[in-house]
There are 2 protein chains.
Amino acid sequence: MAQAKYFELSDARSEGFFNISEAAGASGVSAKMIRHYEETGLVPKAGRTVAGYRIYRDADVHVLRFIRRARDLGFTMKEIAGLLGLWKDKRRASADVKKLAAKHMADLDARIAELQGMRRSLEHLVHCCHGDGRPDCPILDDLAGAGRA
Amino acid sequence: MAQAKYFELSDARSEGFFNISEAAGASGVSAKMIRHYEETGLVPKAGRTVAGYRIYRDADVHVLRFIRRARDLGFTMKEIAGLLGLWKDKRRASADVKKLAAKHMADLDARIAELQGMRRSLEHLVHCCHGDGRPDCPILDDLAGAGRA
DNA sequence: CTTGACCTTCCCACGGTGGGAAGGTGGAGA
DNA sequence: TCTCCACCTTCCCACCGTGGGAAGGTCAAG
């Protein structure tokens, strides 16, 4: 990215550029999100045609795909910014990447444990509820604090 | 809730009312969120003192605690609105509550599975990364699409 | 030249929570 | 009574990630 506003769109295309929806299709990141990532500085500003259309090269699409995959692994935007920095830095230590990934894995574990705790409690309640036409319901009783307050 | 603006705060207190921070402390819902729930209609508008301070009875705190517990189980606001409706309706069928809870449990399961999928992929990558001072790193390679694109 | 599909920027929404500013009140102590 | 501080009020702004949609410009094909 970061080219000057040189091209007509047709010229840009023949020079191997994509427009934003092509970049979106090729990367799996929506056009909306591509603009958003640019705005927030996650990716550098895209080049533009004389008419102001954003244009993308293969390398740019590659970056977007990287982001997409990181999102699929649940990394936050901040973490992805860190990963992109490490990716660009050819002298990085793999230990730094591993540390970031391990941290994220711990976050995932915490979140999973939290959800499993909810699930366990809920399962118990659902199990206790006869679930028929009568109004008495242990689920509501529990939420209302019957057993605690 | 839904009392007219009758009281001075001191009178209200002696009539068994709480102010918002007391209600917050007793229910585990922050004052900020109590106002938010009122604004969004999840709970009815609180009574007020002549000076405009919100006042709460035990029953109101009870409702807030119900909401708090439902949040702790991961129910969304919309689901909680449903649960509150069922709670208030003394002629509800417990089957309706059970259905709502079972649906939420399925949502939790889906979310857990999603996170576990991420965790598994990530674990594999972290395991493959030697994590030393050298720059080559299977985690970044994977994100960059080495094995797929 | 028209038409339709794209592009641009801009604002708004969701969930749920928090921070903080600006101004009014309550109650305790001097 | 005055002062002081903690609390209350409303209001707007932020986070994260994503989508919807309006208003206006551009491009390519017919």
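Predicted model only: the values in this text are computed from it and were never measured. Each chain gets a letter, A, B and so on, in the order its sequence line appears, and its residues count up from 1. Scope of the values below: all heavy atoms of this structure, side chains included, with no hydrogens, waters or symmetry mates.
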Ion pair check, B/Arg54 and B/Glu38, cut-off under 4.0 Å = yes

State plainly whether the residues A/Arg111 and A/Asp107 are in salt-bridge range, i.e. N to O under 4.0 Å.
-> no

Do B/Arg71 and B/Met77 pass the side chain to side chain contact (heavy atoms under 4.5 Å, CB included) test, and can you show the C-alpha distance, the side-chain angles, and the key distance before you say yes or no?
-> CA-CA 8 Å; B/Arg71 288 289 313 138; B/Met77 292 300 118; 2.6 Å; yes

Protein-nucleotide distance ([X], atom [atom1]; [N], atom [atom2]), rounded to Å:
| X | N | atom1 | atom2 | answer |
| --- | --- | --- | --- | --- |
| A/Phe17 | C/dC7 | CZ | P | 16 Å |
| A/Glu38 | C/dT8 | CD | C1' | 12 Å |
| B/Glu39 | D/dT10 | CD | P | 9 Å |
| A/His104 | D/dC16 | NE2 | P | 15 Å |
| B/Ile67 | C/dG15 | CD1 | C1' | 15 Å |
| A/Tyr53 | C/dA5 | OH | P | 14 Å |
| A/Arg71 | D/dT18 | CZ | P | 4 Å |
| A/Ile55 | C/dC7 | CD1 | C1' | 13 Å |

Identified side chain to side chain contact (heavy atoms under 4.5 Å, CB included) partner of B/Val43 from the options B/Asp60, B/Val29, B/Ile67 = B/Ile67

Give me the one residue out of A/Arg119, A/Glu123, A/Arg120 that meets side chain to side chain contact (heavy atoms under 4.5 Å, CB included) with B/Leu108.
-> A/Arg119

State whether A/Arg54 places a side-chain N or O below 4.0 Å from either non-bridging phosphate oxygen (OP1 or OP2) of C/dT9.
-> yes

For D/dC8, does OP1 or OP2 lie under 4.0 Å from any side-chain N or O of B/Ser21?
-> yes

Of the candidate nucleotides D/dT10, D/dC27, C/dC7, which contains the atom at the shortest distance from the side chain of B/Arg48?
-> D/dT10

Options C/dT25, C/dT9, D/dT26, nucleotide nearest the side-chain atoms of A/Ala51 | D/dT26

Going by number, which of residues 27-37 of chain A have a non-hydrogen atom under 4.0 Å from DNA chain D?
-> A/Ser30, A/Lys32, A/Met33, A/His36, A/Tyr37

Sorted by first residue and then second, give each ring-ring contact (aromatic ring centres under 6.0 Å, His included) pair with at least one member in residues 100-144 of chain A; sequence neighbours left out.
-> A/Phe75-A/His104

Set of ring pair (Phe, Tyr, Trp, His ring centres under 6.0 Å) partners for B/Phe66, sequence neighbours left out | B/Trp87

